[in-house]
Number of protein chains: 2
Amino acid sequence: MEASAKKLAEQLSAHGYKLTRQRRAILAVIASSEGHLNPAEVYERAKADCPQIGLTTVYRTLDILAKLGTIKRVHFDGGCHSYAPASRGHRHHLVCTGCGCVVEFEGGDLSALLEAVASQTGFKIEDHWLQLFGKCPACRDGS
Amino acid sequence: MEASAKKLAEQLSAHGYKLTRQRRAILAVIASSEGHLNPAEVYERAKADCPQIGLTTVYRTLDILAKLGTIKRVHFDGGCHSYAPASRGHRHHLVCTGCGCVVEFEGGDLSALLEAVASQTGFKIEDHWLQLFGKCPACRDGS
DNA sequence: GTACTTGCAAATAATTTGCAAATAT
DNA sequence: ATATTTGCAAATTATTTGCAAGTAC
């Protein structure tokens, strides 16, 4: 298991979850993924490591990881059930519309915007969600 | 048909779509909705106006409206298949986590942020997607 | 009149659940 | 040892499609 997957595994055991062969395989897939993966894709790739794994387990594990904040759902109009690894802290995703790879970035400073919206609308803002779409360096030059 | 629904209807016919009883009913539901609605909810409400409407038609009509940009999908972790009316121009949605109502706001100025991310990552940013969550004035005081 | 639109029922796809067997700690 | 986790198959839910009949223009 490579370094990044080990970190993710620690998050699981720190919360009292057992580290099974299946979960390790799923974590390895996610850690090594460049982009966002849906449950079926995770399942396919995890089978390389752990042939007996079931799709149900993938669903259950992704739920746990999403709840822990280890992974985050990536939303876009074509489908909203893909996940990408998430770092600690509030980060946002930048998704390549060419190859689907996902990069995290520091969320700039939105506080001025949030305050403006709050006073404009009377809402108490609790959370925000920003996602950017574009072409990564490779896809930008390539096609 | 009230004013707002009439405007939406014009968008449909301007694109060569016929204005059927069913489509009018769906538009009326959307125009008068305070929040986001999923296909099943639209269907239930549209039946008041047009009892013979089928769920299939709701799906098909929502697809058309989303393609035209008349409505926009509202994404959040609990479900990503709800829609809210969208104004022309680039606006963002503010969703109340209490009652589910949706308000649009002018998207502040994100250009500095976008440029920073672009130069940081090498991506060519094509689109962005911002959604805020909070409590609307009523839900804020109420509970 | 004609092409677009509809509702139905059936097909497909996606996700969840119950449960006995397996396993990490 | 034991509570958690698993895989399977079945159940459920959501969405899409084919097609003959209906309807807006």
Side-chain angles (χ1 to χ4, degrees), chain A residues 1 5-6 8-29 36-44 46-68 70-71 73-83, chain B residues 1 5-6 8-29 36-44 46-68 70-71 73-83:
Chain A
M1 174 152 48
K6 193 165 287 178
L8 300 185
E10 280 161 19
Q11 294 187 38
L12 269 186
S13 49
H15 285 268
Y17 293 101
K18 293 183 177 170
L19 279 179
T20 62
R21 184 162 176 45
Q22 290 84 341
R23 286 179 178 164
R24 285 174 201 278
I26 292 170
L27 291 172
V29 167
H36 49 88
L37 298 172
N38 63 33
E41 289 164 342
V42 172
Y43 173 61
E44 280 310 319
K47 274 202 287 197
D49 250 356
C50 179
Q52 81 271 32
I53 196 172
L55 183 53
T56 311
T57 299
V58 173
Y59 274 99
R60 288 191 277 225
T61 304
L62 291 176
D63 278 352
I64 292 171
L65 294 173
K67 200 161 299 171
L68 294 183
T70 306
I71 60 177
R73 271 171 88 166
V74 175
H75 300 243
F76 42 99
D77 283 340
C80 300
H81 295 272
S82 292
Y83 298 86
Chain B
M1 175 152 48
K6 191 164 287 177
L8 300 186
E10 279 161 18
Q11 293 186 39
L12 269 186
S13 49
H15 286 267
Y17 292 102
K18 293 184 178 170
L19 279 180
T20 64
R21 184 162 178 42
Q22 290 84 339
R23 286 178 179 167
R24 285 173 201 277
I26 291 170
L27 291 172
V29 166
H36 47 88
L37 298 171
N38 63 33
E41 289 164 342
V42 172
Y43 173 61
E44 280 310 319
K47 275 202 288 196
D49 249 355
C50 181
Q52 81 271 30
I53 197 172
L55 183 53
T56 311
T57 299
V58 174
Y59 273 99
R60 289 190 277 225
T61 305
L62 291 177
D63 278 352
I64 293 171
L65 295 172
K67 200 161 299 170
L68 294 183
T70 305
I71 60 178
R73 270 172 89 168
V74 175
H75 300 243
F76 43 100
D77 283 340
C80 299
H81 295 272
S82 292
Y83 298 86

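If you're wondering where the values come from, they're calculated on a predicted model, not measured in any experiment.
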Quiz prompt | Under-4.0 Å side-chain N/O to phosphate OP1/OP2 contact, A/Tyr59 with C/dT15 | solution = yes
Quiz item: Nearest-Å distance, CG (A/Asn38) to P (C/dA14)?
Solution: 8 Å
Exercise. Output yes when at least one side-chain N/O atom of B/Gln22 is less than 4.0 Å from OP1 or OP2 of C/dG7, else no.
Key: yes
Quiz prompt | Spacing between B/Ile64 atom CD1 and C/dT5 atom P, to the nearest angstrom | solution = 6 Å
Quiz prompt | Whole-Å distance separating the NZ atom of A/Lys47 from the P atom of D/dG7 | solution = 11 Å
Self-check item: Whichever of B/Gly16 and B/Tyr43 has its nearest DNA chain C nucleotide further upstream toward 5'
Solution: B/Gly16
Quiz item: How far does OH of B/Tyr83 sit from CZ of B/Arg73, to the nearest 0.5 angstrom?
Solution: 5.0 Å
Self-check item: Distance test, side-chain N/O of A/His81 to OP1/OP2 of C/dA14, below 4.0 Å
Solution: no
Practice problem: Verify whether one side chain among B/Gln22 and B/Thr57 offers a donor that lies under 3.5 Å from an acceptor in the other. | Solution: no
Self-check item: Distance in angstrom units between B/Leu12 CG and D/dA24 P, rounded
Solution: 14 Å
Quiz item: A/Ile53 has an atom CD1; how far is it from atom P of D/dC8, in whole Å?
Solution: 11 Å
Quiz prompt | Rounded distance in Å - CD1 (B/Ile26) to P (C/dT6) | solution = 7 Å
Exercise. Would you mind telling me which of C/dT17, C/dT6, C/dA14 lies closest to the side-chain atoms of B/Arg60?
Key: C/dT6
Quiz prompt | Euclidean distance, A/Ile26 CD1 relative to A/Thr61 OG1, rounded to 0.5 Å | solution = 3.5 Å
Practice problem: State which of D/dT15, C/dT17, C/dT15 makes the closest approach to the side chain of A/Thr56. | Solution: C/dT17
Quiz item: Would you say a side-chain N or O of B/Arg23 is under 4.0 Å from OP1 or OP2 of C/dC4?
Solution: no
Exercise. Kindly say if B/Arg21 contacts the phosphate of D/dA24, meaning a side-chain N or O under 4.0 Å from OP1 or OP2.
Key: no
Quiz item: Given that A/Thr57 and B/Tyr17 both sit by DNA chain D, which one's nearest nucleotide is further toward the 5' end?
Solution: A/Thr57
Quiz item: Is there a side-chain contact between A/Ile64 and A/Arg23 (heavy atoms, below 4.5 Å)?
Solution: yes
Quiz item: Phosphate oxygens OP1/OP2 of D/dT6: is one of them under 4.0 Å from a side-chain N or O of A/Thr20?
Solution: yes
Practice problem: Report the distance from atom CZ of B/Arg73 to atom C1' of D/dA14, rounded to the nearest whole Å. | Solution: 12 Å
Practice problem: Figure out the CZ/C1' separation between A/Arg24 and C/dA24, and round it to whole Å. | Solution: 9 Å
Practice problem: Find the distance between CG (B/Leu65) and NE2 (B/His15) and round it off to the nearest 0.5 Å. | Solution: 10.5 Å
Quiz item: Side chain of A/Lys18: nearest nucleotide among C/dA14, C/dG7, D/dA3?
Solution: D/dA3
